[in-house]
Amino acid sequence: MPSFRIYTIGYGGRTIDEIVSQLNEKGVHFVIDVRSFPSSRYHPDFSRVPLSISLRDAGIGYGFMGKELGGRPDDDSCYDNNHVNYMKVRAKPFFQEGIARLHTACERGYIVCLMCAEAKPEQCHRSGMIGEALAEEGIEVEHLLNDGRSMSQEKVMNIRTGGQEELFDDVPWRKDLSI
């Protein structure tokens, strides 16, 4: 089976030029916007239309998949006590279709980067929801950080869970937890 990789990036605290530079360093072909609401009052350069134009001008494609992979789905059954339950979202056909589309992009040789607002991947659904699903599909996830470094999905999840995740790997009820 071929080895696939998907990048993620958060624009918080950065300029569009900084983002584009880091994307170009990785040879990214497409940015997939995974925000549920692709606009920013505080950073208008990252609203859907200006962002897509800036990326196009840099030779990078833009796609919106917030309906499929966003962290705040429209489906009320994805919430427990007003909090998104990632496992419930991941079980939904719309989410699974989004993951399948990303897998297809990898199979076609595209270098893809998922983008959201949150700068720290351990605090974003890019790692806890999407990254975990991609990792289970055998797709390597590399999170691009504000300082130019990157971090693996495994390392991000270790930070996210305080290193406790491995304690629950073989426990059947772990699949019901919202991380």
Side-chain angles (χ1 to χ4, degrees), residues 3-40 42-43 45-48 51 55 60 62-73 78 83-90 95 98-99 101-103 105-106 110-169 174 177-179:
S3 175
F4 298 129
R5 172 181 293 155
I6 289 180
Y7 296 100
T8 85
I9 197 164
Y11 66 79
R14 305 173 80 181
T15 67
I16 191 72
D17 290 337
E18 290 170 331
I19 295 288
V20 166
S21 176
Q22 198 168 19
L23 295 172
N24 281 332
E25 286 175 16
K26 297 296 184 180
V28 171
H29 299 126
F30 289 97
V31 166
I32 305 300
D33 192 341
V34 295
R35 297 175 292 171
S36 295
F37 307 101
S39 63
S40 177
Y42 301 107
H43 303 285
D45 289 350
F46 290 99
S47 290
R48 188 175 185 168
L51 174 63
L55 291 171
I60 301 170
Y62 171 87
F64 175 69
M65 289 182 65
K67 296 293 181 195
E68 298 89 347
L69 301 175
R72 292 185 277 167
C78 294
H83 290 83
V84 177
N85 181 315
Y86 290 167
M87 295 310 291
K88 287 182 178 181
V89 175
R90 289 177 54 192
F95 182 84
I99 295 297
R101 286 176 61 194
L102 294 176
H103 202 279
C106 289
Y110 294 117
I111 301 172
V112 173
C113 184
L114 309 179
M115 190 203 75
C116 196
E118 177 56 57
K120 296 179 180 179
E122 67 272 14
Q123 296 178 3
C124 187
H125 78 289
R126 296 188 322 265
S127 64
M129 189 170 77
I130 303 169
E132 284 292 278
L134 291 171
E136 288 176 12
E137 291 280 319
I139 297 174
E140 183 180 342
V141 179
E142 185 176 337
H143 302 278
L144 305 179
L145 307 177
N146 282 10
D147 64 4
R149 294 179 304 124
S150 65
M151 192 178 298
S152 70
Q153 173 68 14
E154 181 179 10
K155 174 72 172 164
V156 168
M157 289 307 292
N158 191 34
I159 292 168
R160 186 178 175 96
T161 62
Q164 297 301 306
E165 186 174 28
E166 66 276 1
L167 296 175
F168 301 113
D169 282 346
R174 180 179 182 275
L177 293 177
S178 174
I179 298 173

Over all atoms of both residues, closest heavy-atom pair of Ile139 and His103: CD1-CD2, 3.4 Å
Qualifying residues under salt bridge (charged side-chain N to carboxylate O under 4.0 Å, His left out), relative to Arg35, sequence neighbours excluded: Asp33
Trace of the side-chain contact (heavy atoms from CB on, under 4.5 Å) decision for Arg14 with His43: CA-CA 9 Å; Arg14 305 173 80 181; His43 303 285; over 6 Å; no
Reference residue His29; test side-chain contact (heavy atoms from CB on, under 4.5 Å); the match among Leu23, Ile60, Ile111: Ile111
Side-chain heavy atoms of Ile130 within contact of Cys124, under 4.5 Å: no
Closest contact, heavy atoms only, Ser40 versus Ser47: N-OG, 2.9 Å
Approximate separation, where rounding is to 0.5 Å, of Glu137 CD and Glu132 CD: 12.5 Å
Contacts table for residues 63-72: side-chain donor-acceptor under 3.5 angstrom, sequence neighbours left out:
from: Glu68; atom 1: OE2; to: Arg101; atom 2: NH1; distance (Å): 3.1

Nearest-0.5 Å distance, OG of residue Ser150 to NZ of residue Lys155: 12.5 Å
Identified side-chain hydrogen bond (donor to acceptor under 3.5 Å, both in side chains) partner of Gln153 from the options His143, Glu140, Glu142, Arg126: His143
Val112 vs Val31 side-chain heavy atoms within contact, under 4.5 Å: no
Straight-line distance of Cys106 SG to Leu134 CG, nearest 0.5 Å: 7.5 Å
Pairing residues for Tyr110 by the ring-ring contact (aromatic ring centres under 6.0 Å, His included) criterion, not counting sequence neighbours: Phe30
Shortest non-hydrogen contact between Asn146 and Ala119, atoms and distance: ND2-CB, 3.6 Å
Contact summary for Val141 and Gly131, nearest pair of heavy atoms: CG2-O, 3.9 Å
Nearest-0.5 Å distance, CG of residue Leu55 to CD1 of residue Ile19: 9.5 Å
Any donor-acceptor N/O pair, Ser21 side chain to Asp17 backbone, under 3.5 Å: no
Any Ser127 side-chain heavy atom under 4.5 Å of Met157 side chain: yes
Side-chain donor-acceptor pair present, Arg160, Gln123, cut-off under 3.5 Å: no
Close aromatic pair by centroid cut-off 6.0 Å: Tyr86 and His125: no
Interatomic distance, Ile9 atom CD1 to Leu144 atom CG [nearest 0.5 angstrom]: 5.0 Å
pair Met115-Val34: side-chain heavy atoms closer than 4.5 Å: no
Sub-4.5 Å side-chain heavy-atom contact between Val84 and Pro73: yes
Val28 vs Tyr7 side-chain heavy atoms within contact, under 4.5 Å: yes
Tyr11 OH to Glu18 CD distance, which is reported to the nearest 0.5 Å: 14.0 Å
